[in-house]
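Computed from a predicted structure; not experimentally measured. Here, residue 1 is the first one in the sequence, and each next residue gets the next number.
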Amino acid sequence: MNKIARFIYLNTYSFLLLICGIAVALIPCYQVSKLLLIPQFFIFFICIKHSAQLFSTWNSKKIKYAVLMERNRKQFRPDTFEVYMQAPCGRLLTKAVLKDLGEKDRYRELLVYKPSLIESIKENFTPVKSKIYINEDFK
């Protein structure tokens, strides 16, 4: 995969958010009601903000791509992909690496590391209790 194609592929979600943000901005909500411009602006801003954040991770993605390529060049090691299978962007990175290694068929083996939808919802919506301990010796 050449560099431009890899950039487009690994930033698929960034491009989708960018297109969604632009599409939301182009909807003529002002013809229905001027008040609809406020939520329209917020949705546009959120989409563009998250798109920019995802685009800003390009250097990190390049480094992770190089690391995965190097670790799996001589011998396929499924354990190196475990962390990347947890998120959609990481799965795109995994697919790109496997394609460049010529082992696209191995992706099925890595699906055991992908969390189910129910597991990811439970993990992301479980309340976490934080405790702060103050050491009295440092006062």
Can [Y] be reached from [X] by stepping across I, L, V, M, F, W or Y side chains whose heavy atoms are under 4.5 Å apart?
{"X": "Ile8", "Y": "Leu16", "value": "yes"}
{"X": "Leu101", "Y": "Leu93", "value": "yes"}
{"X": "Leu54", "Y": "Trp58", "value": "yes"}
{"X": "Phe15", "Y": "Tyr65", "value": "yes"}
{"X": "Val32", "Y": "Val24", "value": "no"}

Minimum heavy-atom distance between [X] and [Y], given as atom pair plus value:
{"X": "Leu68", "Y": "Asn72", "result": "O-ND2, 2.9 Å"}
{"X": "Cys47", "Y": "Gly21", "result": "CB-CA, 3.6 Å"}
{"X": "Pro39", "Y": "Leu36", "result": "CD-O, 3.3 Å"}

Can we call the ring centroids of Tyr113 and Tyr84 under 6.0 Å apart?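 No: the rings miss the under 6.0 Å criterion.
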[X] atom [atom1]: more than 12 heavy-atom contacts under 6.0 Å:
{"X": "Leu26", "atom1": "CG", "answer": "yes"}
{"X": "Leu111", "atom1": "CG", "answer": "yes"}
{"X": "Phe42", "atom1": "CZ", "answer": "no"}

Just how far is it from atom [atom1] of [X] to atom [atom2] of [Y], taken to the nearest 0.5 Å?
{"X": "Ser33", "Y": "Gln31", "atom1": "OG", "atom2": "CD", "result": "12.0 Å"}
{"X": "Thr12", "Y": "Leu10", "atom1": "OG1", "atom2": "CG", "result": "7.5 Å"}
{"X": "Glu82", "Y": "Arg77", "atom1": "CD", "atom2": "CZ", "result": "12.0 Å"}
{"X": "Gln86", "Y": "Thr94", "atom1": "CD", "atom2": "OG1", "result": "10.0 Å"}
{"X": "Leu18", "Y": "Ser51", "atom1": "CG", "atom2": "OG", "result": "4.5 Å"}
{"X": "Thr57", "Y": "Ile63", "atom1": "OG1", "atom2": "CD1", "result": "11.0 Å"}

Indicate yes or no for a side-chain donor-acceptor contact from Gln40 to the backbone of Ile27 under 3.5 Å, with no hydrogens or angles considered.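 Indeed, once roles are kept as given, a pair shorter than 3.5 Å links the two residues.
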Verify, without hydrogens or angle tests, whether Asn11 (side chain) and Ser14 (backbone) share a donor-acceptor contact under 3.5 angstrom.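 Between the backbone of Ser14 and the side chain of Asn11 there is no qualifying donor-acceptor contact (under 3.5 Å).
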What do the steps show when you test Lys95 against Tyr9 for side-chain contact (heavy atoms from CB on, under 4.5 Å), and what is the final call? CA-CA 10 Å; Lys95 286 180 182 179; Tyr9 182 72; 3.3 Å; yes
Which of these, Arg71, Met69, Lys64, Arg6, sits in a side chain to side chain contact (heavy atoms under 4.5 Å, CB included) with Val97?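 It is Met69, the one option of Arg71, Met69, Lys64, Arg6 that forms the side chain to side chain contact (heavy atoms under 4.5 Å, CB included) with Val97.
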Between Phe76 and Phe81, does a ring-ring contact (aromatic ring centres under 6.0 Å, His included) hold up when you go through it step by step? CA-CA 10 Å; Phe76 180 71; Phe81 293 98; 5.8 Å; yes
Decide yes or no for [X] and [Y]: does some side-chain heavy atom of the first lie under 4.5 Å from some side-chain heavy atom of the second?
{"X": "Leu110", "Y": "Leu98", "result": "yes"}
{"X": "Tyr13", "Y": "Phe55", "result": "no"}
{"X": "Tyr107", "Y": "Met85", "result": "yes"}

Parallel, tilted or perpendicular: which one describes the rings of Phe41 and Phe45, with boundaries at 30° and 60°?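 Answer is parallel, since the angle falls under 30°.
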